[in-house]
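Atom set for the values below is all heavy atoms of this structure, side chains included, hydrogens, waters and symmetry mates excluded.
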Amino acid sequence: MPAPAHPPDTDSTATLDSELGREQGYLDHARAELARMRASVERLDAAKASDADSAAALGEALARRLAALQDDPRSTLFFGRIDLRTDAERWYVGRRHVADADGEPVVVDWRAPVSTAFYRASHAEPMDVLLRRRFGVDRGVLTAIEDEHLSDPGEADAGSQILAAEIERPRTGPMRDIVSTIQPEQDVIVRSDVETTICVQGAPGTGKTAVGLHRAAWLLYSFRERLDRTGVLVVGPNAAFLDHIGAVLPALGEVRVGHASVETLLDHGRVRSVDPAKVAVLKGDPRMAEVLRRAVWSHVRPATEACVIPRGVRRWRVPAYDVQEILDELAARGVRYEAARAMLPQRLAHAVLLQMERAGESPDDRVQEAVARSAPMKAFAASLWPKVDPAQVLFELWSSPDALGRAAAGLLDNEEQAMLLWDTVPRSKGSARWSAADMPLLDELTDLLARTPSLGHVVLDEAQDLSPMQLRAVGRRCSTGSATVLGDIAQGTTPWATRSWEESMAHLGKPAHHLEVLDRGFRVPAKVIDFAARLLPAMAPGLGAPVSVRDNPGELELVEVTAKEVPGEVVRRVAGLSERPGSLGVIAPDASVERFSKALQDNGIEHGRLDREHGDEEDHQVQLVPATVAKGLEFDTVLVVEPAEIAAAEPDERTGLRRLYVVLTRAVSSLTVLHSAPLPAPLSP
């Protein structure tokens with residue numbers, strides 16, 4: 001371990017101002033060292049590489065390194081410090097590693113093993129920490145110091161005011177990192193081994209999304225070579241959510257992480273129709289996996305004729321029963337359809353070679369290759385094992401009662417089969433009006449034909465909303481890697497939302513997972529979470545209510561007006577609430593977003609919109625949010641309009657109340673509920 005940058009201060013009479021001055025001086029020193037590190041990288045010339053490919057690779061690496069060394073003067077290079085009992089060591093903990101000219105650390109990365117003690121040390125388990133110091137920061141300048149002497153039992157129950165202020169600090173724009181506020185139970189999840197698949201059941205405000213993103217950053221730091229090669233992907237529920245979280249990993253120096261919504265991940269064609277809820281649920285049922293498997297392999301035809309291959313003046317014959325034996329063996333190997341299809345000409349050609357050897361000839365591998373690639377062999381193999389395409393297979397199933405009946409025999413009853421068939425059959429697969437529920441099925445078919453490549457790690461957020469077939473699709477993208485699965489059963493807002501994590505993780509292909517429960521709410525205040533939790537007994541019986549651990553209870557206001565007064569009251573409330581610091585989210589029924597947007601615009605209130613048709617890259621203090629897009633977002637102040645209408649828009653009562661639970665838990669400080677219709681019964685006073 002290196003020696004401390006300067007010895008621990010033992011002068012107990014030092015004033016706060018002088019101590020702040022010393023720490024600010026150390027921050028200035030760290031910034032200077034970071035600037036030196038960046039300048040040394042800028043002096044490197046990728047053009048001097050030995051060849052063009054090496055120059056391009058080196059240039060890309062240097063660009064990433066320069067981005068990682070970029071200093072943000074609005075922030076600080078470190079947010080904490082620990083003084084250890086052993087050898088009087090002192091470490092400054094920050095978002096990135098900074099070293100001096102001799103290679104000695106000036107700031108250690110929050111992901112480094114030595115930083116673990118900053119997050120987990122306590123009076124009960126001090127982990128050799130004598131002092132933990134947190135810094136208050138304002139626009140890149142240190143403004144406050146807060147010390148915990150872990151050897152002093154008198155401080156055991158003291159909470160961190162700096163930590164609380166940072167958690168509750170108003171913010172606008174995309175989600176920020178939480179490296180300075182990670183709690184011990186969150187840190188345990190973040191630093192779980194790369195081989196471990198973690199499932200996090202997290203109540204609103206517990207930071208589960210941030211924990212998942214920080215876990216991705218920690219894994220990339222700790223297993224860089226492995227994950228740079230195999231890749232990391234973050235999967236979220238929609239584009240608005242991905243925009244919201246998109247700045248977190250780059251702020252932590254990680255730019256090589258893919259982001260996708262479930263929709264873009266499973267983009268196998270244009271979605272042009274909407275299934276009734278019952279049909280969508282059926283298409284997401286795990287039984288469909290076997291239906292599709294049967295449909296694909298039904299294209300392999302039985303051998304009714306011998307394989308006859310002319311070569312020179314002779315014709316070589318493989319009997320039909322031998323051909324069938326080869327077909328059966330390939331089908332039983334467990335390989336994908338296309339892989340087995342590619343093997344068939346080689347296996348038949350080998351059988352021809354055996355005929356040649358029995359006739360006294362001495363063929364070699366070149367002869368077998370020539371036979372396998374000959375036109376007669378290709379034609380014969382294709383007649384038994386034709387090339388198929390995912391869209392054509394699904395088109396045949398939804399078009400033909402006979403084809404669907406053969407594939408679904410013993411799996412789906414007659415009524416279920418009838419639900420899946422098209423009322424009007426399209427002319428061809430090209431004119432098929434696919435639904436969103438068809439996309440996971442097309443993905444399953446694609447994987448049945450050719451194996452989907454696996455990534456090293458996948459972070460899946462809002463997993464409770466995925467159907468079994470969607471979970472299978474995500475799971476095959478980490479079939480040889482691990483996953484961090486995040487969600488809240490109480491926030492399931494689809495008709496197929498999961499009832500248990502054991503069931504979901506099995507569909508994901510990760511039955512051997514580790515379940516972690518986060519129920520301490522750091523972001524949602526007590527008044528808000530207690531109000532929303534009234535819905536839990538009706539929509540998620542048996543699930544424990546989250547507990548807010550913030551000192552600030554927040555604000556809750558219920559406002560009842562007439563239906564005619566709603567638009568005007570929305571405008572009046574937004575005008576008043578927007579005078580507060582931080583972000584303001586106006587969450588409304590999807591059908592009312594356009595009307596409220598016009599009302600705000602007519603009254604000169606600038607705002608953004610987060611619905612699909614009006615994605616807005618610009619950061620606005622006021623955001624108008626459809627209820628179906630609110631999941632995963634958070635705002636300092638939230639105005640919820642017509643909660644009963646939000647709930648009624650869903651296909652059933654349970655899903656409607658869960659949607660409302662999500663909407664009501666987006667507020668960090670203040671929640672106003674504006675309604676003309678009576679509140680749903682669980683929320684009524």
Side-chain angles (χ1 to χ4, degrees), residues 233 235 260-275 279-301 330-331 333-344 381-409 411-412 416-417 419-422 425-455 466-479 507-509:
L233 175 68
V235 181
S261 65
V262 175
E263 181 182 54
T264 58
L265 187 70
L266 307 183
D267 183 9
H268 291 282
R270 184 181 172 192
V271 174
R272 297 196 295 166
S273 69
V274 177
D275 287 320
V279 176
V281 170
L282 179 58
K283 287 183 178 181
D285 191 290
R287 292 175 294 169
M288 292 304 304
E290 176 60 18
V291 172
L292 298 178
R293 190 197 67 79
R294 291 179 184 177
V296 166
W297 287 88
S298 70
H299 288 79
V300 180
R301 298 163 187 149
L330 287 175
R333 291 187 64 171
V335 298
R336 298 303 195 267
Y337 181 93
E338 280 298 324
R341 180 175 175 272
M343 295 177 194
L344 179 58
S383 70
L384 297 175
W385 206 299
K387 188 174 182 62
V388 298
D389 134 309
Q392 184 62 36
V393 174
L394 199 60
F395 174 80
E396 292 170 356
L397 285 177
W398 295 172
S399 303
S400 169
D402 291 341
L404 181 57
R406 289 190 297 270
L411 295 171
L412 306 179
E416 289 173 320
Q417 293 179 37
M419 288 168 57
L420 294 172
L421 292 167
W422 277 319
V425 177
R427 292 190 302 274
S428 67
K429 65 179 183 181
S431 58
R433 297 180 64 84
W434 303 118
S435 68
D438 289 322
M439 295 298 113
L441 306 184
L442 291 169
D443 195 78
E444 183 86 19
L445 287 165
T446 300
D447 184 70
L448 285 166
L449 298 178
R451 187 182 300 276
T452 302
S454 174
L455 297 163
L466 271 60
S467 70
M469 294 304 292
Q470 288 173 321
L471 287 167
R472 286 175 60 87
V474 175
R476 52 180 152 262
R477 276 136 177 110
C478 56
S479 58
H507 293 313
L508 194 72

Point-to-point distance, once rounded to the nearest 0.5 Å, from CZ of R272 to CG of D438: 12.0 Å

Shortest non-hydrogen contact between L466 and Q470, atoms and distance: CA-OE1, 3.2 Å

Side-chain heavy-atom pair P468, D285 within 4.5 angstrom cut-off: no

Minimum heavy-atom distance between L266 and P440, given as atom pair plus value: CD1-CG, 3.9 Å

pair L233-L265: side-chain heavy atoms closer than 4.5 Å: yes

Test item: E338 and R336 side chains (from C-beta on) under 4.5 Å apart, heavy atoms: no

With M439, the side chain to side chain contact (heavy atoms under 4.5 Å, CB included) member among E263, E444, H268: H268

Distance in Å, S399 OG paired with L420 CG, rounded so as to fall on 0.5 Å steps: 12.0 Å

Side chains of V235 and R477 in contact at under 4.5 Å (non-hydrogen atoms): no

Approximate separation, where rounding is to 0.5 Å, of E396 CD and D402 CG: 12.0 Å

Shortest non-hydrogen separation from S435 to V271 and the atoms involved: C-CG1, 3.9 Å

Ring pair (Phe, Tyr, Trp, His ring centres under 6.0 Å) against W434, all qualifying residues, sequence neighbours excluded: W422

Heavy-atom check, side chain of L394 versus side chain of K429, under 4.5 Å: no

W385 and W297 aromatic ring geometry - parallel, tilted or perpendicular at 30°/60° bounds: perpendicular

Euclidean distance, L282 CG relative to Q417 CD, rounded to 0.5 Å: 10.0 Å

Least distance between heavy atoms, D275 atom then A437 atom: OD2-CB, 3.5 Å

Approximate separation, where rounding is to 0.5 Å, of L448 CG and Y337 OH: 11.5 Å

Close side-chain approach of L441 and W398, heavy atoms under 4.5 Å: yes

Side chain proximity check, R333 to M343, heavy atoms < 4.5 angstrom: yes

Inter-residue atom distance R472.CZ - L508.CG, 0.5 Å rounding: 10.5 Å

Side chain proximity check, M469 to H507, heavy atoms < 4.5 angstrom: no

